[in-house]
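Worksheet: the structure to be examined is printed underneath.
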Amino acid sequence: MNLRPEHRVLPRSFFNRDPRAVARELLGKLVVRREGRNTIAGRIVEVEAYMGAGDLAAHAAAGRTARNQVLWGPPGHAYVYFIYGMYYCLNISCLPEGVAGCVLIRALEPVAGVEEMAQARHLKDLHIQSLTDMRKLTSGPGRLCEALSITRTRDNAKDMVSPGSDLQASDDGFRTRKIKITKRIGIAKSAELPLRYVLDGNSFLSKT
DNA sequence: CAACCGATCACCT
DNA sequence: GGTGATCGGTTGC
């Protein structure tokens, strides 16, 4: 559960592809937040692909607006939006400039900065040996954004594959085992599409 | 410009 | 398993 020092930021070309391919291959990669000398990181264990106009659940389906324009921007940028009056969700843009698509990060397995995560989540008396407690840190799209202090003001449109960025998508060489594909969670339209990708059996998936 | 509602979570029964 | 919290973006009047 330690961050290997040799992890590398993903190349932009990684995100310049169909969101379904990006989603599948993002499993096992890292989201890394740099806060001064602190590093907070989690391994991606659950994601969902969101497509363009044909995907009625995607924000891109409504067309380009001030809120969602990042989806049409260059690949590898954070699309952060505010939801339910109190939470944020983190997506990473896919496909070349002018073509909409993204991957929603739904759950992380804590890798570094557990203390900082617990503080940001306002969780007191977190027992690091308790899986139930550890799951509260980053097992859900709203939870992981709070744990990594991801907000729209701070992070929307941020380049996540730039070496100097304080929010990065990174690869430490972790090899995934079995991947499971299911329907997406919490949506009404296009709900039947199999676009959710998880590391099968991982303890840090959202829900139970 | 008022009304609606969502890619959620915590807490309750 | 159910529901209240809470608010910005979008839509419809």
Side-chain angles (χ1 to χ4, degrees), chain A residues 15 18-20 22-24 26-27 31 42 44-73 77-95 100-110 117-127 130-158 160 167 169 180-199 203-208:
Chain A
F15 293 100
D18 186 296
R20 289 167 291 199
V22 176
R24 172 182 276 275
L26 262 182
L27 293 174
V31 175
I44 298 170
V45 298
E46 174 179 340
V47 295
E48 286 176 358
Y50 283 87
M51 316 298 286
D55 180 0
L56 298 181
H59 288 187
R64 199 168 179 162
T65 68
R67 175 206 197 196
N68 65 17
Q69 58 179 333
V70 175
L71 296 174
W72 282 265
H77 288 247
Y79 171 51
V80 181
Y81 65 88
F82 187 58
I83 190 70
Y84 297 121
M86 42 180 120
Y87 300 109
Y88 293 96
C89 289
L90 170 67
N91 304 254
I92 308 179
S93 62
C94 301
L95 297 167
C102 68
V103 172
L104 168 69
I105 311 298
R106 283 196 56 90
L108 302 174
E109 176 172 343
M117 288 182 183
Q119 196 166 7
R121 291 273 294 125
H122 315 110
L123 297 176
K124 295 171 185 171
D125 290 336
L126 178 104
H127 294 277
S130 161
L131 180 58
T132 304
D133 278 7
M134 290 295 284
R135 280 180 44 80
K136 292 176 184 169
L137 292 174
T138 53
S139 292
R143 288 173 167 181
L144 72 90
C145 281
E146 191 169 63
L148 274 62
S149 300
I150 294 169
T151 65
R152 191 174 86 86
T153 305
R154 180 177 178 184
D155 299 303
N156 188 49
K158 184 171 285 179
M160 291 186 66
L167 185 66
K180 190 151 76 177
I181 305 176
T182 75
K183 293 186 281 191
R184 294 176 293 186
I185 292 178
I187 56 170
K189 305 171 197 163
S190 294
E192 70 290 347
L193 300 177
L195 293 175
R196 172 172 173 260
Y197 299 74
V198 306
L199 287 186
S203 300
F204 291 87
L205 304 183
S206 67
K207 304 253 169 168
T208 46

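Every heavy atom of this structure was used, including side-chain atoms; hydrogens, water molecules and symmetry mates were not. So that the names make sense, note that chain A is the first sequence line, chain B the second, and so on, each numbered from 1. Here the structure is a predicted model, which means the values were calculated and not measured.
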* **Length of the line joining A:K207:NZ and B:dA10:C1', which is rounded to integer Å** => 14 Å
* Asked: Within the distance-only criterion (no hydrogens, no angle test), does the side chain of A:R184 pair as donor or acceptor with the backbone N or O of A:S190 below 3.5 angstrom?
  -> yes
* **A:Y81 ring over B:dA7 six-membered base ring, under 5.5 Å and 30°** => no
* In dot-bracket notation, what is the pairing pattern of DNA chain B, taking Watson-Crick (N1-N3 plus N6-O4 or O6-N4) and G-U wobble (N1-O2 and O6-N3) contacts under 3.5 Å, with [ ] crossing and | for other strands? -> ||||||.|||||.
* **A:R135 side chain vs A:L205 backbone, donor-acceptor pair below 3.5 Å** => yes
* Respond yes when some side-chain nitrogen or oxygen of A:T65 is under 4.0 Å from OP1 or OP2 of C:dT10, and no when none is. => yes
* **Earlier contact from the 5' end, DNA chain C, for A:R152 and A:Y87** => A:Y87
* **Side-chain (A:N91) to main-chain (A:C102) donor-acceptor, under 3.5 angstrom** => no
* Is a side-chain N or O of A:N156 found less than 3.5 angstrom from the main chain of A:Y81, in a donor-acceptor match? -> no
* To do: Answer yes or no: does atom CZ of A:R121 have more than 12 heavy-atom neighbours from other residues, nucleotides or ligands under 6.0 Å?
  => yes
* Asked: Whole Å only: how far is the CZ atom of A:R67 from the P atom of C:dG9?
  -> 8 Å
* Structure fact -> Heavy-atom nearest nucleotide on DNA chain C taken for A:A62 and for A:G85; more 5' hit belongs to A:G85
* Sugar-phosphate only, base, or nothing, as touched by A:R121 at under 4.0 Å among non-hydrogen atoms -> sugar-phosphate
* Which of these nucleotides, B:dA7, C:dG8, C:dT6, is closest to any side-chain atom of A:I83? -> B:dA7
* Asked: How close or far is atom P of B:dC11 from atom CE of A:M86, stated in whole angstroms?
  -> 12 Å
* Asked: Does anything in residues 136-144 of chain A reach DNA chain B, meaning a heavy atom under 4.0 Å, and if so which residues?
  -> A:G140, A:P141, A:G142, A:R143
* Structure fact -> Taking for A:I187 and for A:L123 the nucleotide of DNA chain B with the nearest heavy atom, the one nearer the 5' end belongs to A:I187
* Write down the distance between CZ (A:R135) and P (B:dA10), rounded to a whole number of angstrom. => 11 Å
